[in-house]
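A short write-up of the structure that comes next.
Order of the sequence lines sets the chain letters (A, B, ...), proteins ahead of strands, with each chain counted from 1. What you see is a predicted model, and the numbers here were worked out from it, not measured in a lab.
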There are 2 protein chains.
Amino acid sequence: MNEEIVKRRATVHDVARAAGVSLATVDRVLNGRPGVRAVTAEKVEQAIAQLGFSRDLNASLMARARDLNVVFFIPDGTNEFMDSLAEAVQRRSPLALADRIHLSMRRVKALDAAGLVSGLNQLDAHSCDCAVIVSSDEPEVLAAIDAAHRRGVAVMTLVSDLPGSARRNFIGIDNGAAGRTAASLMGRFLPQGGKVAVVAGSLHLRDHAERLEGFRAALGAEFGAIEIIGPLEGHDERTETAAIIARLLADHADLGGLYNLGAGNAGLVAALEASGRSGDLRVIAHELTPTTRAGLRSGAIDVVLDQNPDGEIREAIAAARALALDASRTAATDPIEIGIFLRDNLR
Amino acid sequence: MNEEIVKRRATVHDVARAAGVSLATVDRVLNGRPGVRAVTAEKVEQAIAQLGFSRDLNASLMARARDLNVVFFIPDGTNEFMDSLAEAVQRRSPLALADRIHLSMRRVKALDAAGLVSGLNQLDAHSCDCAVIVSSDEPEVLAAIDAAHRRGVAVMTLVSDLPGSARRNFIGIDNGAAGRTAASLMGRFLPQGGKVAVVAGSLHLRDHAERLEGFRAALGAEFGAIEIIGPLEGHDERTETAAIIARLLADHADLGGLYNLGAGNAGLVAALEASGRSGDLRVIAHELTPTTRAGLRSGAIDVVLDQNPDGEIREAIAAARALALDASRTAATDPIEIGIFLRDNLR
DNA sequence: CTGTTAGCGCCTTCAT
DNA sequence: ATGAAGGCGCTAACAG
C-alpha cells in the first residue's frame with residue numbers, strides 16, 4: 001500500500017460515454033426513474049457494472065439541494081436508557097448536518113405499538129429516507145414496516161430487532177452474548193457457587209428474553225455450582241423492581257448474586273441499600289445511566305453491561321447513508337460492542 | 001425537535017455578499033492564502049462569524065478534485081496488535097475513499113524512532129494532510145512532529161500519546177483506566193486475596209507505564225489482600241515472556257493471578273500450558289488477537305482488555321476530516337472504549 | 001490586491 | 001424516450 005497508482009473513480013460522464021447515452025439517461029437509470037427503454041437501461045447497467053461505477057453520495061446530496069432525512073422513533077417514559085439514546089441523537093445532529101444528513105426525532109409512548117405505527121404511516125419517501133425504530137415485537141409494527149418499505153422509506157431496528165420484518169438493518173448488541181457475559185462474570189465472582197437471582201423487565205421483550213437465555217445457557221455449561229432464582233419480572237419499573245428485590249433479599253439470606261437484565265435499576269439500588277446488604281452480593285445490571293453509575297460508585301453494582309447509545313446512533317447514521325446509496329441491500333456497519341463497566345473504567 | 005424550520009446553511013456566496021467582496025476573496029481568507037489586505041480579511045472574518053459560516057468539506061474536496069490524504073505509520077514486527085491496526089486501515093480504505101479520503105500506510109520498524117522520523121520528514125502538505133503515528137516517547141520524534149506541523153501536516157498520535165508534542169489529537173484508550181479495570185476484575189476474581197504477578201513489555205513505553213500505575217493504585221485502594229509480584233519486563237517478545245512466566249510459576253506455587261499488561265501473549269499462553277496450571281490462576285491480558293482469542297477459548301486467559309483497532313482507525317479518520325476543516329484546534333472524537341472480553345463475548 | 005469564470009460529480013428542469 | 005444546460009458549494013486558474 002505504499003505509493004500506488006491512483007485510478008480516478010468512474011463518474012456519470014464515463015458511464016454515459018461507455019453506454020453511448022446522455023447524462024440524463026444515466027441518471028434516470030441510477031435513480032430508477034421512468035422514461036428509459038429496457039434496451040437502453042440495459043446498456044447503462046452494463047457500463048455501470050463494467051466501470052465499477054458507484055455514485056458519489058455527497059455530490060448527489062449537494063446536487064439535489066436536499067439533505068438525507070433520518071427519523072428516529074425513541075420510546076418515551078421513565079427509561080433512562082431511552083433518554084440516553086435521545087441525547088445521543090441530539091449530540092450527533094450538528095455533525096450529521098455538516099454531512100447533509102438531517103436528523104429528527106419523535107418520542108413515542110414506550111411499548112405503544114399503535115403510536116409507533118401511526119408515526120411510521122405518516123412517513124413518505126419525500127420527507128424521510130430512513131426511519132430508525134426501537135420497538136417490541138408486534139404484528140402491527142411489522143406490517144407498518146412493510147408498508148413504509150414499499151413507500152420507499154427504509155426502516156432500521158435499534159436496540160431490539162424484528163427479524164421477520166422488512167427492516168433493512170439491525171443496530172444493537174448481541175443480547176445472547178450479553179447474557180452469557182453476565183454469566184461468565186458472575187461465575188468467576190462466585191468461585192464457590194451459590195444462589196443468583198435474575199430479574200427481567202418483561203420476558204415478552206425480545207432483548208430481555210435473549211439475555212436470559214444466554215445467561216442460563218452459559219451458567220449451566222460452565223458454572224454448575226450456581227443456582228438460579230427466578231426470573232422475576234419488574235416491568236422495567238422502579239417501584240415494582242424494588243419490591244421484587246426486597247422480597248428476594250428477605251427470602252434468601254444467603255443470596256450470592258443478582259442479575260437485573262432489564263431496566264428499573266433505581267429500584268434495584270434503593271432496595272439493596274435499604275437492606276443493608278449492598279456490597280455483600282455481586283450485582284450485574286444493564287445500561288450506563290446516572291443511576292447505574294451511582295450504583296457502581298457506591299459499590300451497590302459491580303458490573304454494568306452497556307450498549308453505547310452514541311455508538312448506536314453513529315452506526316445507525318452510517319447505515320442510513322449506505323442505504324441511500326443502495327437501498328436494495330443491508331448496509332455493512334461496525335458491530336456495536338457490549339461495554340463492560342466497573343467502577344474503575346467509568347467513562 | 002419535531003418539524004422545525006429549516007434554516008439553509010450559509011454559503012461562501014452569503015459570506016461574500018455580507019462582506020461586500022467576491023467569492024475568490026472569501027476563498028483566500030478561508031484557506032489562509034496571501035493577497036488580501038488586513039482590512040478586507042477582517043470584513044470577511046466578521047461576516048463568517050456573523051453568519052456562523054462553516055465550509056462544506058465535501059464540496060471543498062470535490063472542487064479541488066483532490067482527496068484528503070491520511071498517512072498511517074504502523075509499527076512493523078511481531079506484535080499482532082499492530083497487524084490488527086494495519087488490517088483495520090486496509091478494511092476502512094474503500095469506505096474512506098468513497099468520502100474522498102485517501103488512506104495510505106507505512107509499516108515502520110517497531111520502536112525505531114529514526115525510521116519514523118525520516119518517514120515524517122518526507123511528508124509535505126501537498127501529499128499528506130494528516131499523519132497518524134504510533135510511537136514511543138523520544139525527543140527526535142517530538143521534533144519531527146513539530147516540524148511536520150509547521151509544514152502544514154497535522155499529526156495525531158495513536159495508541160500511545162505524546163503529550164508534550166505538537167500532535168493535534170490522541171486516539172486511544174485511557175491506559176490508566178485500563179490498569180484500574182484489570183485490578184478491579186482481578187480483585188473480584190480473588191476474593192480471598194493472594195499473589196498476583198505483573199508482566200510488562202517495557203516500562204519505557206508510556207502506555208505500559210500508565211497501565212501499571214493504574215493497576216497498582218486500584219489494587220492498593222480496594223484490594224489490600226492482594227500482593228503484587230513484579231513487574232517483570234518481557235519486551236513484548238514471545239520467548240522472553242514465556243521464560244519469565246515459567247520462572248514465576250515455578251517460584252510461586254501459590255500464584256493466584258497474572259496480569260500481562262504488554263504484548264508477548266503467545267509466550268504467556270505457551271508457558272501456562274506447559275506448566276499444567278492453565279486455568280488454575282486468573283489471567284488478564286491486553287488486545288484481542290488470534291493468540292489471546294485462543295487463550296480465552298482454552299481457558300488459559302480469563303479476560304482480555306482491548307482497544308478496538310477498527311474503532312481507533314475510524315475515529316482517526318473522523319478526526320482527520322475535522323482537522324481539515326479547522327486545523328487550529330483539536331478535533332472532537334468519540335472516545336475509544338476499553339473493550340473487556342471473556343470467552344463468552346468474543347466478537 | 002481583487003474579481004470573473006469554469007468546473008468538480010451529480011441532479012433537475014426544460015426541450016426535443 | 002432522450003438530451004442539453006444550469007446549478008448545488010467550493011476552488012483554482014486567469015484576468016484586471
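A salt bridge (Lys or Arg N to Asp or Glu O under 4.0 Å) check over residues 308-322 of chain A, counting only residues at least two apart or in different chains, returns the pairs A:Arg91-A:Asp310, A:Arg314-B:Glu315, A:Arg314-B:Asp334, A:Glu315-B:Arg314, A:Arg321-B:Asp99. For residues 16-42 of chain A, every residue pair satisfying the salt bridge (Lys or Arg N to Asp or Glu O under 4.0 Å) rule, not counting sequence neighbours, is listed here: A:Asp14-A:Arg17, A:Asp27-A:Arg33.
Judged purely by atom type and a 3.5 angstrom limit, A:Asp161 has no side-chain atom pairing as donor or acceptor with the backbone of A:Phe170. Checking side-chain atoms of B:Arg151 against main-chain N and O of B:Leu123 turns up a donor-acceptor pair under 3.5 Å.
Contacts with DNA chain D (heavy atom under 4.0 Å) in residues 38-45 of chain A: A:Thr40, listed by number.
Residues that satisfy the side chain to side chain contact (heavy atoms under 4.5 Å, CB included) test with A:Ser118, not counting sequence neighbours, are A:Gln122. Residues that satisfy the side chain to side chain donor-acceptor pair (under 3.5 Å) test with B:Arg9, not counting sequence neighbours, are absent from this structure.
Residue contacts shown for B:Val21 are limited to sugar-phosphate atoms, with no base heavy atom under 4.0 Å away.
To the nearest 0.5 Å, atoms CG (A:Leu103) and OG (A:Ser93) are separated by 4.5 Å.
Taking 4.0 angstrom as the limit, B:Thr25 places a side-chain polar atom (N or O) nearer than this to OP1 or OP2 of C:dG3.
Ion pair B:Asp83/B:Arg107 flagged as a salt bridge, since at least one NZ, NE, NH1 or NH2 atom sits closer than 4.0 Å to an Asp/Glu carboxylate oxygen.
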Seminar exercise, completed: In B/S/- notation (B base, S sugar-phosphate only, - none; protein heavy atoms under 4.0 Å), nucleotides 5-16 of chain D written 5' to 3' is --BBBBBB----

